[in-house]
Amino acid sequence: MRKFVTYSIIIIGSLLFAACEGPQGPRGPEGPQGPPGESVPPDGWRVDEFIVYSSDWQLYGNPGEYGSYYYYIWEDETMTEWIFDLGLVSVYLFNEDDRGVVQRPLPDVSFIQDDLGDFTQLFGYDISYDYDRGIGTVGVYVFYSDYQTTVRPADQTFRVVKEWWNE
């Protein structure tokens, strides 16, 4: 008897679900336009270069003050929210050495040795370059270990490499 009830329930249930199908009715009215979605760029990479001229460096703090440094904010319309959140951004400093022009990835620290003009005393300090990124911007920074920010940094060329992937 138990098998009969079980099989009967299965058969009746199958007939009920099969009976629900019929011809498709007319299409309903189109709904309201939804909010715009985020544009997802295809996988890719982009390389940009920019020059910061000596006169363009901005001083944070006062000249020679402890904690002072120079900075420049580059407006970059290709630094989208997508790349900011999901991409990889690297910044390189162009520099010259005995091999010619080379690229050095940031952050970069260089030791500078100089003389006082009479070659009797040498002194040294570090120059550090660093960067950050925001949506629409890349900031580059110059720090002197002795905080001698009375002299602006020289003209400097930077390369920004952006890579991104779709999820």
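Quick caveat, the model's predicted, so the values are computed rather than measured. We use all heavy atoms of the structure for the numbers below, so side chains are in, but hydrogens, waters and symmetry mates are not.
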Worksheet item: Step by step, would you call L88 with K162 a side-chain contact (heavy atoms from CB on, under 4.5 Å)?
Response: CA-CA 6 Å; L88 172 68; K162 294 171 275 227; over 6 Å; no
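Under a 3.5 Å cut-off, the side chain of S54 and the backbone N or O of A154 do not form any donor-acceptor pair. Side chain of Y70 to backbone of T149: a donor-acceptor contact under 3.5 angstrom is found. Side-chain atoms of S90 never come within 3.5 Å of backbone atoms of V161 as a donor-acceptor pair (strictly under, hydrogens ignored).
We find the CD-CH2 distance between E163 and W45 to be 9.0 Å, quoted to the nearest 0.5 Å. Atom OG1 of T80 and atom CG of L86 lie 9.0 Å apart (nearest 0.5 Å).
With salt bridges taken as basic N to acidic carboxylate O contacts below 4.0 Å, none links D76 and R133.
Looking only at side-chain heavy atoms (C-beta outward), Y144 and I127 come within less than 4.5 Å of each other. Side-chain contact between Y72 and Q58: absent, with no pair of heavy atoms (C-beta onward) separated by less than 4.5 Å. Contact annotation: the side chain of V91 approaches that of V138 to within less than 4.5 Å [non-hydrogen atoms, C-beta and beyond]. Counting only heavy atoms from C-beta outward, the side chains of F94 and R159 approach each other to under 4.5 Å. Within the 4.5 Å cutoff, side-chain heavy atoms of W164 are placed close to those of R46. Using a 4.5 Å heavy-atom cutoff, the side chains of V89 and V160 are in contact. A 4.5 Å side-chain heavy-atom check between V142 and S128 finds every atom pair outside the cut-off. Between I83 and T78 the shortest side-chain heavy-atom distance does not fall below 4.5 Å.
Under a 4.5 Å side-chain heavy-atom cut-off, the cluster of Ile, Leu, Val, Met, Phe, Trp and Tyr residues that includes I51 is completed by Y53.
Checking L93, L106, D108 one by one against Y131, the side chain to side chain contact (heavy atoms under 4.5 Å, CB included) holds for a single residue, L106.
Applying the side chain to side chain contact (heavy atoms under 4.5 Å, CB included) rule to Y60 yields the partners Y69, Y71; only residues at least two apart in sequence or on another chain are considered. With sequence neighbours excluded, the residues that form a ring-ring contact (aromatic ring centres under 6.0 Å, His included) with F158 are F50.
Minimum heavy-atom separation, I73 to G139: CD1-CA, 3.7 Å.
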